[in-house]
Every structure is written in structure tokens, then in C-alpha cells.
Amino acid sequence: MDKDLIIFFATTLDRIVILGLFLYFVFLFLYKKEKKVVLSDFIFCLFSALVTLSISMIIKESFMIERPFIRSDFSPLFLPFDPYSFPSSHASVFFAISGALFFLKKRIWPIFFLASFLIATARVLSGVHTFYDCFVGGLLGIFISYIIYKFLIKFFKLLLSLSSINSKY
């Protein structure tokens with residue numbers, strides 16, 4: 001695979017995915033009648049990504065596993081910002097977004113899963129992560145978005161049941 005293409009997928013595609021997600025929700029907000037639903041779906045995706053990033057960073061700082069190019073003494077295609085690799089924050093965040101879109105039953109989720117896969121694969125091919133870093137990061141992201149989704153469903157069901165009880169009195 002071409003080095004420039006790997007670097008593009010590893011360092012630039014993430015920004016395009018974030019911009020695409022934002023534009024997707026802006027489009028939905030402008031053209032859908034259920035503005036509250038669109039806004040809550042956007043907040044769910046954002047919240048899943050932020051919680052996942054936070055947990056990923058806590059795990060990174062706890063384990064402090066050096067990046068593969070440091071351990072094996074080779075030159076990566078680019079230098080990442082932080083010295084630790086496990087788990088991949090890129091993989092965890094983008095798979096969290098993809099998972100959130102999947103759980104919300106948005107038809108666009110396969111595109112985001114493909115982009116997440118390309119980002120994670122490029123980060124392995126560029127030498128800044130191992131397969132294990134990205135695999136665990138991806139699982140972490142999907143798991144956290146699933147837990148948040150299940151929690152929110154129970155929370156909203158509770159709110160609806162409380163509001164129906166209060167409206168009877």
C-alpha cells in the first residue's frame with residue numbers, strides 16, 4: 001500500500017469522518033421534523049465518543065505500553081502525539097461513533113464502520129499501533145457505546161413512566 005495513502009487514512013481521515021458526522025446531523029436537523037430526536041442522537045454519538053476517549057486515555061496512562069516503533073527500534077511513517085499505544089484512542093473513538101450509529105439504526109453506520117476500520121488499519125500499517133492496540137480499542141469503543149445506549153434507553157423509559165404517572169394526578 002502507498003505510504004501517502006496510509007498516512008492519509010491514519011492522520012486525516014479521522015477529521016473527515018468527524019466533519020461528515022457533523023454535516024450528517026446538521027442535514028438531519030434541517031430536514032427532519034423530530035428535531036429533539038436528531039439532537040439527542042447527535043448528543044449520544046458525541047457522548048459515546050467523549051466517554052470512550054476518556055476511558056481510553058485512563059487505560060493508556062495506567063498501562064503505559066510504549067508504541068511498537070519504540071520497542072522495536074524502527075521509524076514509523078509519522079510521529080504520534082503521545083508515547084503510549086494501548087489501547088488505540090483513534091480506534092476506540094471511531095468505533096464508538098460507529099457503534100452509536102448502529103445502535104441508533106442510522107443507515108449511514110456501514111460507512112462509519114468502514115472508515116473506522118481504515119483508520120485503525122492505517123495506524124497499524126504506519127507503525128504507531130499494533131493489531132492488538134486497535135482491536136482492543138475498537139472493542140472498547142463499541143462496548144462503551146452499547147452500555148451508554150442501554151443506559152439511555154432505560155433512563156428514557158423511566159422518565160416516560162414517571163411522566164405518565166405524574167400526568168394522572
Side-chain angles (χ1 to χ4, degrees), residues 5 8-62 80-82 85-124 128-129 131-169:
L5 192 59
F8 171 79
F9 285 145
T11 62
T12 306
L13 183 59
D14 56 353
R15 294 173 187 103
I16 294 170
V17 169
I18 295 296
L19 179 63
L21 180 71
F22 179 74
L23 292 175
Y24 172 72
F25 278 108
V26 166
F27 175 80
L28 289 179
F29 190 79
L30 293 174
Y31 293 102
K32 292 278 187 174
K33 290 182 181 178
E34 306 92 13
K35 305 237 186 269
K36 288 181 182 179
V37 172
V38 173
L39 189 59
S40 67
D41 289 352
F42 176 73
I43 290 170
F44 168 57
C45 287
L46 184 65
F47 187 67
S48 293
L50 292 175
V51 168
T52 300
L53 178 62
S54 300
I55 292 172
S56 174
M57 297 308 290
I58 289 169
I59 294 171
K60 268 188 184 195
E61 293 298 320
S62 298
F81 296 113
D82 62 19
S85 69
F86 177 80
S88 168
S89 296
H90 278 80
S92 61
V93 166
F94 288 97
F95 276 101
I97 292 169
S98 301
L101 291 170
F102 174 79
F103 299 129
L104 292 171
K105 297 175 178 52
K106 299 294 182 189
R107 285 183 256 167
I108 199 165
W109 71 264
I111 295 169
F112 283 86
F113 265 106
L114 176 62
S116 300
F117 176 77
L118 290 173
I119 290 167
T121 301
R123 295 189 72 81
V124 172
V128 298
H129 282 293
F131 169 80
Y132 183 68
D133 297 336
C134 290
F135 182 75
V136 172
L139 288 178
L140 178 69
I142 292 169
F143 177 72
I144 290 171
S145 64
Y146 175 76
I147 295 299
I148 293 170
Y149 178 72
K150 286 299 185 181
F151 173 76
L152 288 178
I153 285 176
K154 288 181 182 178
F155 178 74
F156 284 120
K157 282 183 182 177
L158 177 66
L159 283 179
L160 288 174
S161 66
L162 289 175
S163 66
S164 66
I165 291 171
N166 290 336
S167 64
K168 292 178 183 177
Y169 297 105

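This one's a predicted model, so the numbers in the text were calculated from it and none came from an experiment.
- Note that OG1 of Thr11 and CD1 of Ile119 are 10.0 Å apart. Values are rounded to the nearest 0.5 Å.
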**Message:** Using the rule given for side chain to side chain contact (heavy atoms under 4.5 Å, CB included), can you reason through Lys32 versus Val37, listing the C-alpha separation, both sets of side-chain angles and the distance that settles it, and then say yes or no?
**Reply:** CA-CA 9 Å; Lys32 292 278 187 174; Val37 172; over 6 Å; no
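- The minimum heavy-atom distance between Val124 and Cys134, with the atom names listed, is CG2-SG, 3.7 Å.
- The two residues Phe117 and Phe95 have their closest heavy-atom pair at N-CZ, 3.7 Å.
- Atom CZ of Phe135 has 12 or fewer neighbouring heavy atoms from other residues, nucleotides or ligands inside a 6.0 Å radius.
- Between the CD1 atom in Ile144 and the CG atom in Leu139 there is a gap of 11.0 Å [rounded to 0.5 Å].
- With values rounded to the nearest 0.5 angstrom, Thr12 atom OG1 is found 10.5 Å from Leu5 atom CG.
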**Message:** Using side chain to side chain contact (heavy atoms under 4.5 Å, CB included), reason through Leu21 and Phe94 one step at a time and then give a plain yes or no.
**Reply:** CA-CA 11 Å; Leu21 180 71; Phe94 288 97; over 6 Å; no
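- The side-chain heavy atoms of Met57 and Asp82, taken from C-beta on, include a pair separated by under 4.5 Å.
- Around atom OH of Tyr146, no more than 12 heavy atoms belonging to other residues, nucleotides or ligands sit under 6.0 Å away.
- Annotation: the span from Leu23 atom CG to Ile16 atom CD1 amounts to 11.5 Å, rounded to 0.5 Å.
- Sequence neighbours left out, the pairs with a member in residues 89-118 that pass salt bridge (Lys or Arg N to Asp or Glu O under 4.0 Å) are Asp41-Lys106.
- Ser89 and Leu53 get closest at one heavy-atom pair: CB-CD1, 4.0 Å.
- Smallest separation of non-hydrogen atoms from Gly141 and Thr52: CA-CG2, 3.7 Å.
- Under the 3.5 Å distance criterion, with hydrogens and angles disregarded, no donor-acceptor pair is assigned to the side chains of Ser145 and Ser48.
- Judged purely by atom type and a 3.5 angstrom limit, Thr121 has no side-chain atom pairing as donor or acceptor with the backbone of Leu118.
- The minimum heavy-atom distance between Ser92 and Leu140, with the atom names listed, is CB-CD2, 4.2 Å.
- Phe29 CZ to Phe22 CZ: the interatomic distance, rounded to the nearest 0.5 Å, is 11.0 Å.
- Residues forming a side-chain hydrogen bond (donor to acceptor under 3.5 Å, both in side chains) with Ser116 (at least two apart in sequence, or on another chain): Ser98.
- Ring-plane geometry between Phe42 and Phe25 is classed as perpendicular, the angle between the planes exceeding 60 degrees on a 0 to 90 degree scale with a lower cut at 30.
- Residues Lys35 and Leu30 approach most closely at NZ-O, 3.7 Å, considering heavy atoms.
- Looking at Val38 and Glu34, their side chains never come closer than 4.5 Å, going by heavy atoms from C-beta outward.
- Annotation: ring pair (Phe, Tyr, Trp, His ring centres under 6.0 Å) contacts of Phe27 (sequence neighbours excluded): Tyr31.
- The aromatic rings of Phe102 and Trp109 sit perpendicular, their planes meeting at an angle over 60°, well past the 30° parallel limit.
- Only one option out of Phe47, Phe143, Phe103 pairs with Ile148 in a side chain to side chain contact (heavy atoms under 4.5 Å, CB included); it is Phe47.
- Between Ile18 and Ile97 there is a side-chain heavy-atom pair separated by less than 4.5 Å.
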